[in-house]
Asker: 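Quick one: the structure is below, and I'll ask about it shortly.
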Amino acid sequence: MVKTRFAPSPTGFLHLGNARTAIFSYLFAKHHGGKLVLRIEDTDRERSKKEYEEALIEDLRWLGIEWDEFYRQSERFDIYKQYVQKLLDSGHAYECFCTPEELEKERQEAQRKGIAYRYSGKCRNLSKEEVEKLKSQGRPFAIRFRVPDGKDIVFNDLVKGPIRINADDFGDFVIVRSDGTPTYNFVVVVDDALMGITHVVRGEDHIPNTPKQILIYEALGFKVPEFAHLPVILGPDRSKLSKRHGAVSVRNYRQEGILPEALFNYLCLLGWTPPNDKEILSKEELIDLFDLKDVNSAPAVFNREKLLWMNGVYIREVLSVEELAERIEPFLKEAGYEFDRDYLIKVLDLARDSFETLKEAPSKLEPFFVDDFPLSEELLKKLSDLGAQEILKVVSQEIEKTSPSNPEEVKALAKNVQKALGVKPKNIWQSLRLAMTGKLEGVGIDVLLSVLPKDRVLYRINRVLSALEGAKA
RNA sequence: GCCCCCGUCGUCUAGCCUGGCCUAGGACGCCGGCCUUUCACGCCGGAAACGCGGGUUCAAAUCCCGCCGGGGGUGCCA
């Protein structure tokens, strides 16, 4: 059975790149009827924070990613210890007493000479006695993996194809820090092996780590899994997408009013194309269609515009009005609007195509919720220039009489008034627009008048009318 | 520096493996038009790309080599 894993470290909010990795891991597993493991990689005690772990989980859930198993590496130190011992016993690993200062010196030396830095191997061949002696002196030590000289390590990456790296390109690397905690390259292997991960899906920044890990798999006698390295997501300047490019966490987009379905769908299109031309796809369709072998091996630039467009598609075409109402309510309440669910649904049914993020809904939908917008001098001036006084009086009489309840009836009403008064349609509509919303742009007035309760329509008209009276006097 | 990955419209990409069907297709964005009570939405149309240079071949975006360009890694971070 296929089993993938998503293994974030809790050092910040869920990054878009990681979110996409999580999505691809999830889709691949589900496509093959397999399982997804969520594993929190918190071996770095310095930087790992519980709050971030909680945020990670919340954002993953919000995105719609479901996992079948959950682990936390900090709770597995005992397990790692056993495997370190195995490596020590078999001679695949050894104690290294070099201090950070010494290593730093070696590194600088290498840089000065312009050669690639590798650990010198100073402690590689310490005798058992020497090791014991240093240990008894209380000297801190790390444990390094003994990398075989000159070995070519080859693996067939599911998205990149065959990759060959020579072991001489990296020296003996640390698997246990001097404080006793194991490092990433080591625990990742033990965990992936023990958890039965069949396909390791992760960012391509892990390619250089892969040969090291393969060496550990082999030293421990574990079966080496398949690897799939996803190209990174780039910012507009084609460098790795990071904070300096602006909003890069899932949380940011959630707050911006992006729908999880849209973000999920959009992220899939970064590096992967559906077999047909259809781009708007549900999670189920994506599970059905997705395959790692179709993932593009070139990095992709994140395109905010397209995400926004896609979010708009979800708002106006994909979600049901009921679903949309549910999602949008918090944003409207946040803006201080009062309404009930039925009213909101009526509003959304006719006006959902006027905004593309949930966050902009309050301002775009304001006319449906706010009666007492400010009546400025400028506004009253515009109204009187349009001859609004007369128009509004007649309109309000008509509304009183016919109570239009759909856009067509409103249009008919406007036409009647226009005929009766002999004014241009534009004057009718603009007068109404200014009187109802205070602005010259926005949602269709026919739409507004068909959902706004009659008493509120009349209230707004009368308020403008009396302001107009007052201005004249 | 060294190692690895990558290179089709501004952006995401299809095509590349299995050369001719490519006058290089789609999407976002952009431009123009239509619709219209405004802004949007919607509809119609348009501009826009095979990084460069060599080969191989009757034929190359597709195969080979070199160059250039971009990205990632180079940690007792993950």
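Per chain, numbering begins at 1; letters A, B, ... match sequence-line order.
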Asker: If you look only at distance, which donor and acceptor atoms sit under 3.5 Å apart when one is on a side chain in residues 295-303 of chain A and the other is two or more places apart or in another chain?
Answerer:
none

Asker: Output all residues satisfying salt bridge (charged side-chain N to carboxylate O under 4.0 Å, His left out) with A:R139, sequence neighbours left out; order by chain, then residue number.
Answerer: none
Asker: Can you sort out the partners of A:V174 under side-chain contact (heavy atoms from CB on, under 4.5 Å), two or more places apart, ordered by chain and number?
Answerer: A:A142, A:R144, A:T183
Asker: Let me know, please, whether A:V301 or A:C96 comes out on the 5' side of the other along RNA chain B by nearest nucleotide.
Answerer: A:V301
Asker: Report each atom pair, protein N/O against N/O of nucleotides 30-37 of chain B, whose distance is under 3.5 angstrom.
Answerer:
| unit_1 | atom_1 | unit_2 | atom_2 | d |
| --- | --- | --- | --- | --- |
| B:U37 | O2 | A:R433 | NH2 | 3.0 |
| B:U37 | O4 | A:D446 | OD1 | 2.7 |
| B:U37 | O4 | A:D446 | OD2 | 2.7 |

Asker: Considering only heavy atoms, which members of residues 5-22 of chain A lie under 4.0 Å from some atom of RNA chain B?
Answerer: A:S9
Asker: Give a yes or no on whether a salt bridge exists between A:R5 and A:D191, defined as a side-chain N under 4.0 angstrom from a carboxylate O.
Answerer: no
Asker: Would you indicate which nucleotide in B:U13, B:C5, B:C76 comes nearest to any side-chain atom of A:I163?
Answerer: B:C5
Asker: Mind checking what makes ring pair (Phe, Tyr, Trp, His ring centres under 6.0 Å) contact with A:Y80, not counting sequence neighbours?
Answerer: none
Asker: Within the modelled atom types, does a donor on one side and an acceptor on the other bring the side chain of A:S178 and the base of B:C76 under 3.5 Å apart?
Answerer: yes
Asker: Hey, is A:R244 close enough to A:D237 for a salt bridge, meaning N to O under 4.0 Å?
Answerer: yes
Asker: Can you name the side-chain contact (heavy atoms from CB on, under 4.5 Å) partners of A:K278, sequence neighbours left out?
Answerer: A:N276, A:L281, A:E285
Asker: So, using side-chain contact (heavy atoms from CB on, under 4.5 Å) as the criterion, who are the partners of A:Q418 when residues are at least two apart?
Answerer: A:K415, A:P425, A:I428
Asker: Going by the rule side-chain contact (heavy atoms from CB on, under 4.5 Å), which residues pair with A:K283 if we only count those two or more places apart in sequence or in a different chain?
Answerer: A:Y26, A:E66, A:F264, A:I287
Asker: When you compare the protein's N or O atoms with those of nucleotides 64-74 of chain B, which come within less than 3.5 Å of each other, and at what distance?
Answerer:
| unit_1 | atom_1 | unit_2 | atom_2 | d |
| --- | --- | --- | --- | --- |
| B:G72 | OP1 | A:K240 | N | 3.2 |

Asker: Taking atom P of B:C5 as reference, at what distance in whole Å does atom NE2 of A:H229 sit?
Answerer: 12 Å
Asker: Between A:A142 and A:V313, just flag the one whose closest nucleotide in RNA chain B comes earlier from the 5' side.
Answerer: A:V313
Asker: Specify the separation, in whole Å, of atom CD of A:Q108 and atom C1' of B:G1.
Answerer: 16 Å
Asker: Ignoring hydrogens and geometry beyond distance, is the side chain of A:R316 in donor-acceptor contact with the base of B:C41 at under 3.5 Å?
Answerer: no
Asker: Give every residue pair that meets the side-chain hydrogen bond (donor to acceptor under 3.5 Å, both in side chains) criterion with at least one member in residues 151-161 of chain A, sequence neighbours excluded.
Answerer: A:K151-A:E218, A:D152-A:R164, A:D152-A:N166, A:D157-A:H229, A:K160-A:E204
Asker: Does NZ or CZ of A:K212 come closer than 6.0 Å to the centre of the six-membered ring of A:F173, within 45° of the ring's axis?
Answerer: yes
Asker: Starting at atom NZ of A:K293, determine the distance to atom C1' of B:C16, rounded to an integer number of angstrom.
Answerer: 15 Å
Asker: In whole angstrom, what separates A:E53's CD from B:A78's P?
Answerer: 16 Å
Asker: What's touching nucleotides 25-28 of chain B from the protein side, N or O pairs under 3.5 Å?
Answerer:
| unit_1 | atom_1 | unit_2 | atom_2 | d |
| --- | --- | --- | --- | --- |
| B:A27 | O2' | A:E279 | OE1 | 2.5 |
| B:A27 | O2' | A:K306 | NZ | 2.9 |
| B:A27 | N3 | A:K306 | NZ | 3.4 |
| B:C28 | O2' | A:K306 | N | 3.3 |

